[in-house]
Asker: 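Pasting in a structure now, in structure tokens, and then I'll have a few things to ask.
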There are 2 protein chains.
Amino acid sequence: MDERQRARRPGGRGARVGAAVHQAVTDLISERGYGNVTVGEVAARAGVADSSIYRRWGSLEALLTDVALTRLNARSPMPDTGSLAGDLRTYAANVAREITGPEGLALLRLAVALSSNGQQGTQALDDLLAERGRQLQSMLDRAQERGEHAPDALGVLDHVMAPMYIRVLFGLGPLTPDYVNSLVDRLL
Amino acid sequence: MDERQRARRPGGRGARVGAAVHQAVTDLISERGYGNVTVGEVAARAGVADSSIYRRWGSLEALLTDVALTRLNARSPMPDTGSLAGDLRTYAANVAREITGPEGLALLRLAVALSSNGQQGTQALDDLLAERGRQLQSMLDRAQERGEHAPDALGVLDHVMAPMYIRVLFGLGPLTPDYVNSLVDRLL
């Protein structure tokens, strides 16, 4: 176990710092929105030194992405229902619930903030999308292995995720179960 | 001619003020991004009183929307090529060029800023989308009148516009002509 792993072991000081920093980010963003939060403010709210944040995450953008991914993976894990249609419907329903929930557009706003935020922002956004893309690809690979004909991950993004994101972004909700299922069925 | 019309006649003082205010908004946004511009700063840059802006536009959000619509209508007018496929391909290509151009995500960022900005922001975004929606609907209605089978405007949003917006937002470009045409062909 190297220092980095040790610092993050469950229940250790690293885990407590991580939880406090994540909570501080979540609170500050819900108060002010993305783009109006600094490392100094996160550190003060979490009761840690700025340098601890830079050492562990490297940049504000990477920290924001870590918070977003942790939240996504906790609240919208990739389903494994035994069929592609079941997986995609469950996944799409989770995303619909998440983006129309109390924190609404949080992730889309993060994406916009990152894409506006220079090289580090773009890199952080790439990392977030790559991780979620890998998870989605595993779901599609399982379907192929079962002998189902699966679309590619970009097809899912283009024709299932993108319409939901844009409808919420443009205030053209609600995302009814019928609408969400119709996006999946149309793709399959 | 009432006072409001008189104030906006081409070449009059109203037109000069309008052009100066639009230019000030465009400049400030390109310097700082949406969400970091105030009515006071726009007024100072344009050389007019704050009260002139509130009297004419009512709110910062409505002003931002007016600027965005004016820009959209100037740079991405709805085409009339004589066929639905031609119209949609031209329209999609214009949008692709606009959102990947030098000011890139400007409109998406405006949409995000407005959707985060309370009742006035939401109203302004609704107005912008309603106006562009009417223009798109006219294009689809012309196709129906020619006897072509046209999708509805939300279908165009979901499966042509939304994928392009999200790919640009997520840094998954470029939007090649083949890709843009494939979105249109898939919808038709």
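Keep in mind that this is a model prediction, so the values were computed, not measured. Convention: sequence-line order gives letters A, B, ...; per-chain numbering from 1. Any value given below was found using the heavy atoms of this structure, including those in side chains, with hydrogens, waters and symmetry copies removed.
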Asker: For the candidates A:L154, A:L183, A:L157, which exhibits the highest count of non-hydrogen atom pairs separated by less than 4.5 Å from chain B?
Answerer: A:L154

Asker: Atom CD1 in B:I166, atom CG in A:L169: separation rounded to 0.5 Å?
Answerer: 7.0 Å

Asker: Say you draw a straight line from CG of A:L172 to CG of B:D126; how long is it, rounded to the nearest 0.5 Å?
Answerer: 7.5 Å

Asker: If I take atom CZ from residue B:R132 and atom CZ from residue A:F170, how far apart are they, to the nearest 0.5 angstrom?
Answerer: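 Reported to 0.5 Å precision, the distance equals 10.5 Å.
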
